[in-house]
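Just so it is clear, the structure is predicted and the values come from calculations on it, not from any experiment.
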Amino acid sequence: MKEENEAVEWSGGWVSQRLGVELVGDDGLKELLGLALRRNPKRAHLLVSHVLGKHVPQKPSVVYGHGYELGLRVRELLGREEAGRAVVLGYAETATGLGHSVADGLALAPYLHSTRRPVDGVGKAGGFEESHSHATSHLLLPEDPKLLAGEGPLVLVDDEFSTGNTVLNTIRDLHARHPRGRYVIVALVDMRSAEDLGRLDGFAREIDARIDLVAHAGGTVLLPEDVLEKGRALVAAHEAGAAGPASGASGQAPGGPGGDGTDRAGGPGAGVSDDTDVTGGARGRAGHGPRLPHVVRVDLDWPAHLPDGGRHGFTPAHRAELEAALPAMAHRVAEALGGGGPAEPGGARPRPADAAAAPETDRSPRVLVLGFEELMYTPLRLALELERSGAAFEVRYSTTTRSPVLAVDDPGYAIRNRLVFPAHDEPADGPGERYAYNVADGGFDAVVAVVDSAADTAALHAPDGLLAQLAAHIPHVVLAVVPSYLPAPEREPMPPEPLRGPEFSSYAPDEVGWLLQDLSDVELEAPTEEREEAIQSGGAHYAESLPVEYQPSDAYQELFHAALETSAARIARAVGAVTDTVLAELPQRHRPGTPPHERRPVLVSLARAGTPVGVLMRRWARHRHGLDLPHYAVSIVRGRGIDANALRWLAAHHDPADVVFVDGWTGKGAITRELAAALGEFDGFVPEIAVLADPGGCVRTYGTREDFLIPSACLNSTVSGLVSRTVLRTDLVGPHDFHGAKYYRELAAADVSGHFLDTVEARFDEVADAVDADVKELLSADRAPTWAGWAAVERISEEYGIHDVNLVKPGVGETTRVLLRRVPWKILAKRGAGADLDHVRLLAEQRGVPVEETDDLPYSCVGLIHPRFTRGATGADGKAVAAQ
């Protein structure tokens, strides 16, 4: 093969003549690009860069210089301040080294390249598709998730900018996650068609960002309409011809059994002998008779903890560390080549015994440094250091690739020959062929194959592997293995121990541990009307603020105490029934043979309405069975899910199979559905809730399905340990924090939390026999959820013209919450409902909300939130104004 920069026929002429493909554009465009045919049904042609170092071996200074110069231009475009805030992103596999070089020219920016190699323990920060590629899916796997989360410019680097689809897919994905105001696209060549030229400007306007483009040259490819069909036919014809018998060939298809893995027009080359040395290199070399190829492994002494490239991020500090280590690493490679490279400080070391003897020629030995797929930058920098160091070598650089391209041995074609070998890095998408182009018959005296340790497998050293294929064509093979950089698995900090009373809540320390963070010092309360307008307009989520705590009037407090005395026994019976049902069925969650003393539930109440129930269930288990059950309270937020950090804490301290989620009652079952969806991402937890009352038919573990008053629903924090409803707001709750809540210490004088618990517990003994009968009946009954309540809510939503089930709150408990926390529209009450609704009627009267009696309800009552709320929906006195 002729010298790369020698004046020769354009390496795109062969394709141009046969397919009618034309390359038009800036002067010098054809010096940068040739043409070849893809073995790819999605696109016929391949633009083959002479300066990228992928398909065409090139001087490393030329390859690195083109990328570095583009980086300097980007730095000038952005200015030093913006360059210091930038991040550079390169594309796998072709542009990983180019992107690195651009980042070097930019000097101040960290670098990341996309990858097709998933890595266990490294979370995906993004992904996109490259529609025309042979392998389309790209992953972004930064070790530091914040790498792509900044607001500075994002510099995207690819070898060519053609349709723009890949870049736009990338920007679209990342902009949705982390919007920024500026993007810079960098490519060796801008090859957009006329119809694609305006897409970039339109897309920039769509996302309200500035997008610049920097390239060495511009032009376009003119394609005839039938190019895809003609290209397929041309590839098929040449591959069929290559498989035919030829002199010196085994008669096998290129790369197949018995072939040497070389693909040329007219047939494969001479066969590879099966006689191999311990490295897997073949003993024979095509056209040179028997010879023992010398495959030498060189230890680079790679710096510990230095990434091998930008797959997980590469910072300016990493670059400085690499540059400091490069002279010594290049010296070791030179010694392995036997070229007597420059002496290290302290004098030259003796040449290793297994070093390759320098070929006896009248010219400098010609050395190829061959990188490996996405591992382009490290081999490029090694090659550049060999070139710069004064070692007696002519150095060229290229890399292996996944991309299948037809090889034609014609000076007017860019891919003259190819080596074919099996993938040797156990790729996630399965085994397949890999290729090295323009290596065979390249006049190389030695090759330095640089791979990462993930690719240093048996397949690399196999008789048909890369090393054997290289050894069949190049007399001296050196193998350098760079340690694959694997980020340490991110160990998320374990959240702190639960909050307990009296420091947080008025409950005793052993009654409940709150898996929450204390936000007592943060101003979170907002007027009810202001919150409602923000929630319904989509301007805020209900969990981002708190309602002002309702302060009950004397009349309302009297109602609470009267209701508690009336319903205490009924509540105690439901507590006993649900607790004993849980205790009876818990062993079914365990593996056979689990010791009885390990079969105890861990009560996890959904804060805060479920927490008084969890405390009562714990008291029942201790009072009736002598069991001391752990009890924690966690946050779950409709539309946002359960607190994942709380689940992590529970899984680290208890068997998830023991966890029983507890709530006070069901309405339409929204939280039940939320819990089931949230637990899908966590192993071992059972996605069910145990409740006192299940009027909606939403769960299978309950004390009763009657809709009756649970007095703890009548009040807010003063019956729930003085703890607020939970809060989830990104400026207050970080990725490793529990959800938040407040402890209203100032309301201690009005606190009836302990009184509520003690009053119910005092009735445990008198309901014991009834509980035994209830449990026996429950365990033998069909308790499958009916979701009758959900159907009723949907009917009411449509019947009353609300058209939003979230504004329909069924049951005594939910109706009470509507009156205390939201802007109510009207209350639907089941005709004949008695004292259970006294407090509802009183609250409705205080807020000017009509109570409408009806016969067709599965609940005692239903609260309707004002469906078209603005602050004008309430009068000057704060009372509701009827909707029109």
Side-chain angles (χ1 to χ4, degrees), residues 1-4 53 55-60 248 254-255 259-264 268-273 275-277 279-298 333-339 354-361 363-372 379 382-383 386-387 391-401 407 409 415-421 424 434-451 460-481:
M1 190 173 176
K2 293 187 178 182
E3 179 71 28
E4 295 84 341
H55 303 91
V56 179
Q58 179 59 274
K59 292 179 180 180
D260 74 345
T262 308
D263 189 2
R264 305 181 187 84
V272 177
S273 167
D275 189 9
T276 59
D277 69 2
T279 68
R283 284 184 179 274
R285 182 188 176 211
H288 292 271
R291 175 182 290 179
L292 178 66
H294 208 98
V295 180
V296 178
R297 182 185 289 268
V298 59
V333 172
E335 285 187 324
L337 289 168
D354 62 349
E360 296 181 4
T361 67
R363 59 174 175 78
S364 297
R366 187 175 170 88
V367 174
L368 172 67
V369 177
L370 184 68
F372 157 63
L382 276 171
L386 282 174
E387 183 183 14
F393 305 124
E394 285 185 29
V395 183
R396 297 295 180 270
Y397 160 81
S398 65
T399 74
T400 67
T401 177
D409 192 14
I415 303 296
R416 302 287 294 274
N417 55 70
R418 65 177 188 166
L419 300 181
V420 186
F421 50 91
H424 52 90
R434 299 295 186 263
Y435 313 95
Y437 295 112
N438 295 323
V439 172
D441 292 346
F444 297 112
D445 302 293
V447 58
V448 181
V450 184
V451 303
L460 175 68
H461 300 271
D464 62 344
L466 172 62
L467 295 180
Q469 300 296 351
L470 292 172
H473 297 276
I474 301 174
H476 304 295
V477 179
V478 173
L479 175 63
V481 179

Taking the side chain as everything from C-beta on, heavy atoms only, tell me whether [X] gets closer than 4.5 Å to [Y].
{"X": "Val298", "Y": "Val448", "result": "no"}
{"X": "Asp441", "Y": "Arg416", "result": "no"}
{"X": "Leu470", "Y": "Val295", "result": "no"}

- Yes or no on side chain to side chain contact (heavy atoms under 4.5 Å, CB included) for Arg297 and Val481, after CA distance, side-chain angles and deciding distance? CA-CA 8 Å; Arg297 182 185 289 268; Val481 179; 3.3 Å; yes
Please report the interatomic distance [atom1]([X]) to [atom2]([Y]), rounded to the nearest 0.5 Å.
{"X": "Leu419", "Y": "Leu466", "atom1": "CG", "atom2": "CG", "value": "7.5 Å"}
{"X": "Phe393", "Y": "Leu337", "atom1": "CZ", "atom2": "CG", "value": "4.5 Å"}
{"X": "Arg434", "Y": "Arg418", "atom1": "CZ", "atom2": "CZ", "value": "13.0 Å"}
{"X": "Leu479", "Y": "Leu370", "atom1": "CG", "atom2": "CG", "value": "11.0 Å"}
{"X": "Asn417", "Y": "Tyr437", "atom1": "CG", "atom2": "OH", "value": "10.5 Å"}
{"X": "Thr400", "Y": "Tyr435", "atom1": "OG1", "atom2": "OH", "value": "11.5 Å"}

- Answer yes or no: is there a donor N or O on one side and an acceptor on the other, between the side chain of Asp445 and the main chain of Arg366, under 3.5 Å?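 Checking the backbone N and O of Arg366 against the side chain of Asp445, a donor-acceptor pair under 3.5 Å is found.
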- Message: Donor-acceptor pair, distance only, cut-off 3.5 Å: does the side chain of Asn438 make one with the backbone of His55?
- Response: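 Pair found, side chain donor or acceptor close to backbone of His55.
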- Task: Kindly give the heavy-atom pair with the smallest separation between Pro57 and Phe444, and that separation in Å.
- Result: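 In this case the closest contact between Pro57 and Phe444 is CB-CZ, 3.9 Å.
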- Query: What closest approach, in Å, do Ala462 and Ala468 show between heavy atoms, and which atom pair accounts for it?
  - Reply: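 Residues Ala462 and Ala468, closest heavy atoms: O-CB, 3.7 Å.
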- Applying side-chain contact (heavy atoms from CB on, under 4.5 Å) between Val369 and each of Val447, Val478, Val450, Thr399, report the one that passes.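 By the side-chain contact (heavy atoms from CB on, under 4.5 Å) criterion, Val369 pairs with just one of Val447, Val478, Val450, Thr399: Val450.
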- Task: Give me the ring orientation class for Phe421 and His424: parallel if the planes are under 30° apart, tilted from 30 to 60°, perpendicular past 60°.
- Result: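 Geometry flag for His424 against Phe421: tilted rings.
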